[in-house]
Amino acid sequence: MVESKPLNLLDLSFVFMETRQTPMHVAGLQTFLPPPDAPRDFPRQVYEYLRSFPVTAAPFNYVLRGLASGRLLPSFEVAENVSLDYHLRHSALPYPGGERELGMLVSRLHSNPMDLDRPLWEIHLIEGLHGGRFALYAKLHHSLADGISGVGLLNYADRPDDSRTPPVWAAEKQREPRRFEASPGTHGAVAHLSAALRNQARVLPELMRGLLGSAQAAIGLKPDPEFASLAEAPRTMFNVDVTPQRRVATQSTTLARMRAIGEAAGGSVNDVLLAACSAALRRYLQEADALPTRSLIGSIPVALPRDTTQPGGGGNAISFANVKLGTDIDDVRARFEAIRRSSIAGREYLKQMSPTALMTYTVLISSPQMLTRVPAIGARVPPLYNIIISNVPGPRGKLYFLGAEMEAYYPISALAHGQALNITVLSYAGSLFFGFTGCADRVPHLQRLAVYTGEALDELEQAYREAEPAPSAAPARRKAARAKSAKAKSPATRRKPAPAKRAKTARTRQAREGAGEGTSPEASA
C-alpha cells in the first residue's frame with residue numbers, strides 16, 4: 001500500500017494555476033543572529049548539521065502524482081530516497097552582505113519555478129550577512145500549505161540551550177493517528193471524490209445562499225452598504241499579466257505600536273494594517289498617475305478550521321473577505337473608519353456559511369482566475385479584487401536554532417496573472433514583518449511601497465495621538481460621560497473629556513530594499 005494524501009479543492013487550484021509565469025510557491029525569509037562566541041564558520045557548521053538528516057517527514061517527502069499516472073485527481077504520495085542535495089542549497093552574499101545584496105538574491109530565488117517531478121520544497125542557507133548573521137530562505141508549493149499550516153511546520157526551540165532540533169524535513173509532528181492509504185490506480189481517487197461530493201451535498205443550501213448573496217451584491221442588492229461586492233474592484237496597474245521575474249521588499253514594526261494605534265482609532269490590529277497598506281498604495285498610485293477614482297478592493301484571507309490529523313499540516317484552509325481599502329478618501333481618519341466598517345461587513349457575510357461550504361465558495365468565486373492560465377486572459381478578466389493582503393499569526397516568543405536567535409521572519413507570497421502585487425504580514429515575537437511580493441516588470445520601485453507603509457503608520461499614529469477615541473472604541477464610556485454631563489448643574493462643574501491614551505511611538509524599522517532596489521503561508525485571523 002502506498003501512503004497517499006488527497007488534495008482539497010483549494011490545493012488543487014494551486015496545482016492547476018502553476019505555469020512558468022505564475023509559479024505557485026510561497027516562502028519565508030528568516031534571519032538569524034549567531035550565538036555568542038560563535039566561530040567564523042558557524043553558518044557552514046549549520047549547513048553540515050542540516051545535511052546530516054535524511055528527508056523523512058511530511059510534506060517534505062511528498063511528490064505530486066497527477067493525471068499522467070492514471071489517477072482521476074492529482075494526489076501526493078510519499079517518495080522514497082529524497083535527494084537532500086537537491087532541496088538544501090548553500091549560498092553566500094557578496095560584500096558588504098547588506099539588505100540590498102540579500103534582497104537581490106532572494107528575489108532571484110523566488111523567481112525560479114519548482115520541479116513538479118520532485119518534492120515541492122527548497123531551503124537555501126545564505127551566509128555572509130553583515131555582523132556574522134545568516135538567513136534561511138525556505139519555499140514550499142502553495143498546494144502543500146497556506147500561511148498558518150506553513151508556520152506550523154517550524155521546528156525551532158524557545159530556548160537557545162534546547163535548540164539542537166531536527167530540521168523541518170526530519171521532524172515528525174505529533175498528530176492524531178490517521179493514515180491516508182490508497183492502492184495505485186483510480187480506486188482511492190474515486191473514494192475521495194465520492195466522500196467530497198457527499199460533504200458538498202450536505203452544505204449545498206448554505207453554499208447556494210452565499211453564492212446568491214454574492215450575485216445580488218454584484219448587481220447592487222447588498223446585504224450591507226459597506227459590503228464590498230465582487231464587481232466593485234477598478235482595474236489598476238496591478239491587475240495585469242505577470243512575467244516570471246519577482247521582486248521582494250520588506251518592512252517591520254511592533255505589535256505594541258499597532259495595538260496602540262488600533263485602540264486610539266477604535267479598531268483592530270488588522271484594521272490598522274489595512275489602513276497603512278491603503279495609504280501606501282494610494283501614494284504609490286498617485287505618484288504613478290494611476291490612482292482610480294473608485295476605492296481599491298483588498299482580498300483578505302480568513303483562516304478556517306483545519307484537519308490537523310493530516311500529515312504535513314493539512315494543506316490549505318482559507319476563505320477570503322473583500323474589503324474596501326478607502327484609497328479614494330483623502331482624510332486619514334475617514335479612510336480608517338471606511339476600512340473598519342467594510343472589514344466588519346465582509347467577515348459577517350462569511351459567517352452564514354460553514355467551513356466546508358466556505359472552501360467550495362472560495363474556489364467557485366475565484367474560478368475566473370483559473371482562466372488566467374491562458375496567455376493574455378488574465379489582464380482581460382475583470383478583477384474580483386485588486387490586491388491580496390494577508391495577516392498570518394506566527395510564533396509569539398523568540399525562537400532559536402543551534403543557539404542562533406531568529407531575529408526576523410518575512411513572508412513572501414505567490415502571484416498570478418491579473419494579480420501583480422501581494423502583501424503578506426507575519427507576526428513573530430512581538431513584531432510584525434511585512435513581505436511585499438511584486439512582478440519585477442509590472443510593479444516598478446517596489447521598495448517604495450515598503451517605505452510608504454512605514455510612513456503611513458507614522459501618519460496614523462499622529463492622526464490619533466491627541467484625538468478622542470473613535471465612536472466604536474468604548475460606547476459604555478461614552479454613554480456614562482453623556483449621563484454625567486446631563487446631571488451637571490452648571491457649565492463650571494463640567495469636566496473636559498480626557499484625551500485618548502497616547503499611542504506608543506515605537507520606531508518603525510527602516511524598510512529593507514529588495515531585488516537591487518530595495519529588499520515571506522496565507523490566512524488571517
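Keep in mind that what you see is a predicted model, and the values were worked out from it rather than measured.
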Run the side chain to side chain contact (heavy atoms under 4.5 Å, CB included) check on E101 and L105 step by step: do they pass? CA-CA 6 Å; E101 290 75 27; L105 175 58; over 6 Å; no
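- The shortest non-hydrogen separation linking V26 to A145 is CG2-O, 4.4 Å.
- For the pair R283/E455, a side-chain contact is recorded, criterion being any heavy-atom separation below 4.5 Å from C-beta on.
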Would you please test N81 and S83 for side chain to side chain donor-acceptor pair (under 3.5 Å) and show each step? CA-CA 6 Å; N81 303 319; S83 173; over 6 Å; no
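- Donor-acceptor pairing under 3.5 Å is recorded for the side chains of H110 and Y137.
- At least one side-chain heavy atom of P74 sits less than 4.5 Å from a side-chain heavy atom of L12.
- With hydrogens and angles ignored, the 3.5 Å screen pairs no side-chain donor or acceptor of N61 with any backbone N or O of V78.
- Within the model, atoms CG of L281 and CD1 of I423 stand 5.0 Å from one another, a figure rounded to the nearest 0.5 Å.
- Contact of the L93 side chain with the S91 side chain is not registered, since no non-hydrogen atoms from C-beta on lie closer than 4.5 Å.
- Taken to the nearest 0.5 Å, the CG atom of L399 stands 4.5 Å off from the CE atom of M406.
- Ring to ring, W121 and H141 are not that close: their centroids are 6.0 angstrom or more apart.
- Put simply, the side chain of V392 does not reach to within 4.5 Å of the side chain of V425, judged on heavy atoms.
- Rounded to the nearest 0.5 angstrom, T236 OG1 and N386 CG are separated by 4.5 Å.
- The backbone N or O of S343 sits nowhere less than 3.5 Å from a side-chain atom of K324 that would complete a donor-acceptor pair.
- Taking the six-membered ring for Trp, Y156 and F401 have ring centres closer than 6.0 Å.
- Between R51 and D85 there is a salt bridge, since a side-chain N of the basic residue sits under 4.0 Å from a carboxylate O of the acidic one.
- Taking each heavy atom of R247 and S107 in turn, the nearest pair found is CA-OG, 3.7 Å.
- Looking at E407 and T31, their side chains do bring a donor and an acceptor atom within 3.5 Å of each other.
- Considering every non-hydrogen atom in both T437 and S413, the closest pair reads OG1-N, 3.1 Å.
- Under the 4.0 Å criterion applied to side-chain N and carboxylate O atoms, E99 and R133 are assigned as salt-bridge partners.
- Shown here are the ring-ring contact (aromatic ring centres under 6.0 Å, His included) partners of H130, two or more places apart in sequence or in another chain: there are none.
- Taking the charged nitrogens against the carboxylate oxygens, R282 and D328 have no contact shorter than 4.0 Å, which rules out a salt bridge.
- Pairing each heavy atom of A334 with each of I329, the nearest pair is CB-CG2, 3.8 Å.
- In this view, L402 and F42, V46, Y49, R164 satisfy the side-chain contact (heavy atoms from CB on, under 4.5 Å) rule, not counting sequence neighbours.
- For the atom pair OG1 of T165 and CZ of F53, the computed distance is 8.0 Å after rounding to the nearest 0.5 Å.
- Both cation-pi conditions hold for R118 and Y86: the charged atom is under 6.0 angstrom from the six-membered ring centre and inside a 45 degree cone around its axis.
- When all heavy atoms of H417 and V242 are compared, the pair lying nearest together is ND1-N, 3.1 Å.
- Ion pairing between a basic and an acidic side chain is recognised when a charged N comes within 4.0 Å of a carboxylate O; R333 and D331 show no such pairing.
- Looking only at atom types and distance, the side chain of Y452 has a donor-acceptor partner in the side chain of E287 under 3.5 Å away.
- Using modelled atom types and a 3.5 Å distance limit, the side chains of S13 and D11 yield no donor-acceptor pair.
- Partners of R44 under the salt bridge (charged side-chain N to carboxylate O under 4.0 Å, His left out) rule, at least two apart in sequence or in another chain, are E48.
- Taking the centre of each ring, F336 and Y464 come in below the 6.0 Å mark.
- The minimum heavy-atom distance between R294 and P234, with the atom names listed, is NH2-CA, 3.5 Å.
- Note: R347 CZ to S342 OG = 10.0 Å, rounded to the nearest 0.5 Å.
- Applying the side chain to side chain donor-acceptor pair (under 3.5 Å) rule to D441 yields the partners T243; only residues at least two apart in sequence or on another chain are considered.
- Contacts of S299 classified as side chain to side chain donor-acceptor pair (under 3.5 Å), with partners at least two apart in sequence or in another chain: none.
- Applying the salt bridge (charged side-chain N to carboxylate O under 4.0 Å, His left out) test to every pair with at least one member in residues 24-42, sequence neighbours left out, gives no pairs at all.
- You'll find the side chain of V248 stays beyond 4.5 Å of the side chain of F436, heavy atoms only.
- Shown here is R89, whose CZ atom has more than 12 heavy atoms of other residues, nucleotides or ligands within 6.0 Å.
- Looking at heavy atoms from C-beta onward, V63 lies out of side-chain contact with V82 at the 4.5 angstrom threshold.
- Contact annotation: the side chain of P119 never approaches that of F60 to less than 4.5 Å [non-hydrogen atoms, C-beta and beyond].
- For the pair Y385 and L296, the minimum side-chain heavy-atom distance is 4.5 Å or more.
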When you look at E122 and H124, which way does the side chain to side chain donor-acceptor pair (under 3.5 Å) test go after all the steps? CA-CA 7 Å; E122 294 174 14; H124 299 252; 2.9 Å; yes
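- The backbone N or O of Q245 lies less than 3.5 Å from no partner atom in the side chain of S111, so there is not a single donor-acceptor pair.
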Decide yes or no on side chain to side chain contact (heavy atoms under 4.5 Å, CB included) for F434 and T453, but give the supporting numbers first. CA-CA 9 Å; F434 293 69; T453 301; 3.8 Å; yes
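- Remark: C277 SG to L457 CG distance equals 8.5 Å, nearest 0.5 Å.
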